[in-house]
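Inspection log for the structure reproduced underneath, given as structure tokens.
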Protein chains: 2
Amino acid sequence: MESKERIMEEFRRKGFRATPQRIVIAQIVLKSKDHPTAEQIYQAVKKKYPTLSPATVYQTLHLLTEIGLLQELGFSDRVSRYDPNASPHINIICRNCGKIQDYQAESIKGLWSQIIMELGFKPIGQRLDIYRHCDQCQANMHNNQVL
Amino acid sequence: MESKERIMEEFRRKGFRATPQRIVIAQIVLKSKDHPTAEQIYQAVKKKYPTLSPATVYQTLHLLTEIGLLQELGFSDRVSRYDPNASPHINIICRNCGKIQDYQAESIKGLWSQIIMELGFKPIGQRLDIYRHCDQCQANMHNNQVL
DNA sequence: TCTTAAGTAATAATAACTCTTAAATAAGTT
DNA sequence: AACTTATTTAAGAGTTATTATTACTTAAGA
């Protein structure tokens, strides 16, 4: 799902041009594991492509979301993060630093189909968050209290 | 949980003043069933309290979130919605109009404790969204295609 | 009632994101 | 390989929900 060829194919199949900008952005976000923000993606892309504009990043991320390769996760700090994993899974999110890691629980599949059956309609998407304080932030909080 | 006395008690117990503004805002959002936005809450409160400022609404909503009576749900349109239901439940959300209704599935409790056991830590919160197009929006979309 | 720390209203400031537009280009056609 | 044109990009202006600031007001304990 992350090869340049595969990405180009995916854009064209949906009727969009496979431009170098789009390909670089797609490669970076699709292989990411930490659900980066648009700004983080922009900074990463700029290294390889210094003239690229933030607007292009936003536009491409929306496009990738539209064609189903990405999920946009909105948060109350108004900064979205982008999740390349479209299948039902749990986002384990640190309430302090915002870091996210995916958790693919075996138990989710079963639960999921059960809930869909109960609901009586087929969802077009889902989002499952679990909030905590990650080990690093927990350690920092402890240190600050001690000092 | 929604009576004036109960709300006043809750504010004071956490060391905050029980002002009329806070009480009115809390009453409206805690009894709401549709996960209103800050703007919607502001409009509702203004009817009873015309001089109230939007900043007070935001501040009070954050306070209610902090003391655990409310959950703030961020979205990718950067408009937060406020959920008075703190226990694990599913938000059924329309991707078109943004309307939210809660779904208290029996199956969730079991799933939830199972996942917590698997994870090996105790979460400080959760958010479970299911996305769809609500009946009304689905009807409208159909009409627009026909026209 | 008095005192004062905490809260409010008004408004300026912020920042993520979106819009606009002129210049550039992907990709089909010749 | 050059031609054509609808699509895309870069740059910067614009938008808007939310936050910060500050002078005035008030809840609530003494």
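Remember, it's a predicted structure, so these values are computed and weren't measured experimentally. Residue numbers start from 1 in every chain, and the chains themselves are labelled A, B, ... in the order their sequence lines are given, proteins ahead of strands.
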Which donor-acceptor pairs under 3.5 Å do the side chains of residues 22-32 of chain B make with protein atoms, sequence neighbours left out?
residue : atom : partner : partner atom : Å
B:R22   : NH1  : B:R17   : O            : 2.8
B:S32   : OG   : B:V29   : O            : 2.8

- line: B:R12 CZ to D:dT26 P, in whole Å, measures 17 Å
- request: Considering just the side-chain nitrogens and oxygens of B:H62, establish if one lies under 4.0 Å of OP1 or OP2 belonging to D:dT18.
  value: no
query: Should B:E10 and B:R6 count as an ion pair when the cut-off is N to O under 4.0 Å?
result: yes
task: Summarise how protein sits on nucleotides 5-15 of chain D as a single string, 5' to 3': B when a protein heavy atom is under 4.0 Å from the base, S for sugar-phosphate-only contact, - for no contact.
output: -BBSBBBB---
query: Just wondering, do A:T56 and A:P54 contact through their side chains at under 4.5 Å, heavy atoms?
result: no
- prompt: Applying salt bridge (Lys or Arg N to Asp or Glu O under 4.0 Å), which residue pairs with at least one partner in residues 115-131 of chain B are found, sequence neighbours left out?
  reply: B:R127-B:D129
query: For A:K109, what residues pass the salt bridge (Lys or Arg N to Asp or Glu O under 4.0 Å) criterion, not counting sequence neighbours?
result: A:E106
- prompt: Less than 4.5 Å apart, any side-chain heavy atom of A:D83 and any of A:H89?
  reply: yes
message: Could you check whether atom CD of B:Q136 has more than 12 heavy atoms from other residues, nucleotides or ligands sitting under 6.0 Å from it?
response: no
Axial bend angle, the helix from C:dT1-D:dA30 to C:dT30-D:dA1: five-pair end segments, nearest 10°: 40°
task: Measure from the side-chain N and O atoms of A:Q71 to the backbone N and O of A:Q126, and report whether any donor-acceptor pair falls under 3.5 Å.
output: yes
- line: Note: chain A reaches DNA chain C at heavy-atom distances under 4.0 Å over the stretch, first to last nt, 5' to 3', of C:dA16 to C:dA27
- request: Kindly say whether B:I93 contributes a backbone atom to a donor-acceptor pair with the side chain of B:N91 at under 3.5 angstrom?
  value: no
- prompt: What distance separates A:F75 CZ from A:R95 CZ, expressed to the nearest 0.5 Å?
  reply: 10.0 Å
field: Spacing of A:F75 atom CZ relative to D:dT18 atom C1', expressed in whole Å
entry: 18 Å
message: For a quick check of understanding: with a heavy-atom distance under 4.0 Å over all strands, which category does B:S80 fall into, base, sugar-phosphate or nothing?
response: sugar-phosphate
